[in-house]
Amino acid sequence: MGKRQTAKHKAKRFYDYSLLAVIIFVCIFGLLIVYSSSSYSAQLKKGDSLYYCKRQGMIAAAGLVGMIIVSKMDYHKYIKLTGLAYVAAVVMMILTNFTPLGIELNGQKRWLGVTETLSFQPAEFVKIAVILTLAALIDKIGRKIDTWRGLGLAVALTLPPFVLVGMKNLSSGIIIAGIAFLMCFVGSKKKGIYFLTVLGVFLAAFLFVEYGEKLVDLKILKAYQLERIEVWKNPEAYPQSGGWQVLQGLYAIGSGGLFGRGLGESIQKLGFIPEAMNDMVFSIICEELGLFGALCVILLFLFMIWRFMVIANNAPDLLGALIVVGVMAHIAVQVILNVAVVTNSIPNTGISLPFISYGGTSVLFLMAEMGMALGVSNRITMEH
């Protein structure tokens, strides 16, 4: 009798179906927006208006399967492969930056592979490697993360991938720095150094904006980076060059009004916004679905972040909590940067909107991260 009662009251595992549902919904919504924003250019370039949507759909479906598989894995087992993943990430970035295996597309050398078709962006894998590496480190050293030695070790591990990625892809470099910062912040009890770091970043940004020309003379800032700052400050002065994309994006946002022109009715996607399905996809959402639609998209991401917080707070151990915090930091930083770039709140850095912008590598590795977060949720036990 006692055994039966024990079995009845055995702990039941939790699985965050709310997070799973919002991930699937955002992916489906992303496919609709990819089709809407790319159908015109896909018909012109590929002879098939569904070309980009179909490619994204196949990769998203494969990513969904991968996400479910990862979510059923015990994160304590794959965390043992962290060292291998970190080395692989650094090696892939070296191959991308310094060998012929690095493929240049649209003037940017960010892809690794044999051909344009058989290639991927290793920067997306680097983000996962950094999340796992820092989670394993902070879990191992515990409160020592509050010491200069512990913090220095975290910085030393983050620096190589940050530099290698940032060389060719500044936006992804910023995301990696953001992930590391938030993971160390959460893992630490002493918060003062982090607030000082934020103040330092704002001060550096102010100096870049106000004294850009002098910094170029001192070789601290590059000429093309100064040009981006100038375009950001006054895009109307560069209507045919650097300011074109920004201005067209702002026109799209402005013309959308409160409820938008209607799904599929964007005018700016008809060749006015370059690569409308990629970095500037949020402007198409604003044009077609209006301010209301844009706010709904932001609320979906906020709901996703809230679920990450719930999982992290209830995680069975520090390692699980830190993995989820890393994933949450990635999504939060990337969404904030994308919306800020599209609305011209910060200089253009070329960054995609998670799950919604076109990009197979991004969706695939984001799904893997979602699997990691769901996997932690699946280790939370509930008494019943």
Please test Tyr52 against Ser41 for side chain to side chain contact (heavy atoms under 4.5 Å, CB included), starting from the C-alpha separation and ending with a verdict.
CA-CA 9 Å; Tyr52 295 112; Ser41 60; 4.3 Å; yes
Donor-acceptor contact below 3.5 Å, side chain [X] vs main chain [Y]:
{"X": "Asn314", "Y": "Val310", "answer": "yes"}
{"X": "Ser36", "Y": "Leu32", "answer": "no"}
{"X": "Asn344", "Y": "Leu250", "answer": "no"}
{"X": "Ser188", "Y": "Phe185", "answer": "no"}
{"X": "Thr147", "Y": "Lys144", "answer": "yes"}
{"X": "Thr82", "Y": "Ile79", "answer": "yes"}
{"X": "Gln56", "Y": "Gly359", "answer": "yes"}

Quick check for you: to the nearest 0.5 Å, what is the distance between [X] atom [atom1] and [Y] atom [atom2]?
{"X": "Lys191", "Y": "Cys184", "atom1": "NZ", "atom2": "SG", "result": "10.5 Å"}
{"X": "Ile351", "Y": "Asn338", "atom1": "CD1", "atom2": "CG", "result": "7.0 Å"}
{"X": "Phe282", "Y": "Ile33", "atom1": "CZ", "atom2": "CD1", "result": "10.5 Å"}
{"X": "Leu44", "Y": "Ser39", "atom1": "CG", "atom2": "OG", "result": "10.0 Å"}
{"X": "Asp16", "Y": "Ile23", "atom1": "CG", "atom2": "CD1", "result": "8.5 Å"}
{"X": "Phe162", "Y": "Met167", "atom1": "CZ", "atom2": "CE", "result": "12.0 Å"}

Taking atom CZ as the centre, does Phe29 end up with more than 12 heavy-atom neighbours from other residues, nucleotides or ligands that are less than 6.0 angstrom away?
yes
For the NZ atom on Lys190, are there more than 12 heavy atoms of other groups (residues, nucleotides or ligands in this structure) within a distance under 6.0 Å?
no
Taking all atoms of both residues into account, what is the closest heavy-atom pair of [X] and [Y], and its distance?
{"X": "Val327", "Y": "Ile131", "answer": "N-CD1, 3.9 Å"}
{"X": "Met372", "Y": "Tyr78", "answer": "CG-OH, 3.3 Å"}
{"X": "Leu137", "Y": "Ala154", "answer": "CD2-CA, 3.6 Å"}
{"X": "Ala123", "Y": "Val165", "answer": "CB-CG1, 4.0 Å"}
{"X": "Ala85", "Y": "Phe125", "answer": "O-CE2, 3.4 Å"}
{"X": "Thr96", "Y": "Trp111", "answer": "CG2-O, 3.7 Å"}

Glu124, Gln334, Gln121 screened by side-chain hydrogen bond (donor to acceptor under 3.5 Å, both in side chains) with Ser352, the one that passes:
Gln334
Any non-hydrogen side-chain atom of [X] less than 4.5 Å from a side-chain atom of [Y]?
{"X": "Val201", "Y": "Phe206", "answer": "no"}
{"X": "Ile175", "Y": "His330", "answer": "yes"}
{"X": "Tyr15", "Y": "Leu20", "answer": "yes"}
{"X": "Phe14", "Y": "Thr381", "answer": "no"}
{"X": "Val341", "Y": "Val246", "answer": "no"}
{"X": "Met309", "Y": "Val325", "answer": "no"}
{"X": "Leu374", "Y": "Asn378", "answer": "no"}
{"X": "Phe98", "Y": "Leu164", "answer": "yes"}

Applying the 4.5 Å side-chain criterion to the ILVMFWY set and letting contacts propagate, would [X] and [Y] be lumped into a single cluster?
{"X": "Leu319", "Y": "Phe308", "result": "yes"}
{"X": "Val186", "Y": "Met304", "result": "yes"}
{"X": "Val198", "Y": "Leu337", "result": "yes"}
{"X": "Tyr17", "Y": "Phe25", "result": "yes"}
{"X": "Ile380", "Y": "Trp306", "result": "yes"}

Run the side-chain hydrogen bond (donor to acceptor under 3.5 Å, both in side chains) test against Ser266 and tell me which residues pass, sequence neighbours left out.
Glu287
Verify side chain to side chain contact (heavy atoms under 4.5 Å, CB included) between Leu199 and Leu203, making sure each step is shown before the conclusion.
CA-CA 6 Å; Leu199 286 173; Leu203 179 61; over 6 Å; no
Check whether NZ of the Lys or CZ of the Arg Lys127 lies under 6.0 Å from the centre of the six-membered ring of Phe365 and within 45 degrees of that ring's axis.
no
Could you go through Met277 and Tyr35, starting from their C-alpha distance and side-chain angles, then the distance that decides it, and tell me whether this counts as side chain to side chain contact (heavy atoms under 4.5 Å, CB included)?
CA-CA 8 Å; Met277 60 189 168; Tyr35 171 65; over 6 Å; no
Could you go step by step and tell me if Met370 and Ile331 meet the side chain to side chain contact (heavy atoms under 4.5 Å, CB included) rule?
CA-CA 10 Å; Met370 297 304 105; Ile331 299 296; 3.9 Å; yes
Arg379 bridged to Asp317 by N-O distance under 4.0 Å
no
Lys/Arg-Asp/Glu bridge criterion (N-O < 4.0 Å) met for Glu288, Lys269
yes
Partner residues of Asp146 under the salt bridge (Lys or Arg N to Asp or Glu O under 4.0 Å) criterion, sequence neighbours left out:
Arg143
Answer yes if the ring centres of Phe303 and Phe301 are under 6.0 angstrom apart, and no otherwise.
no
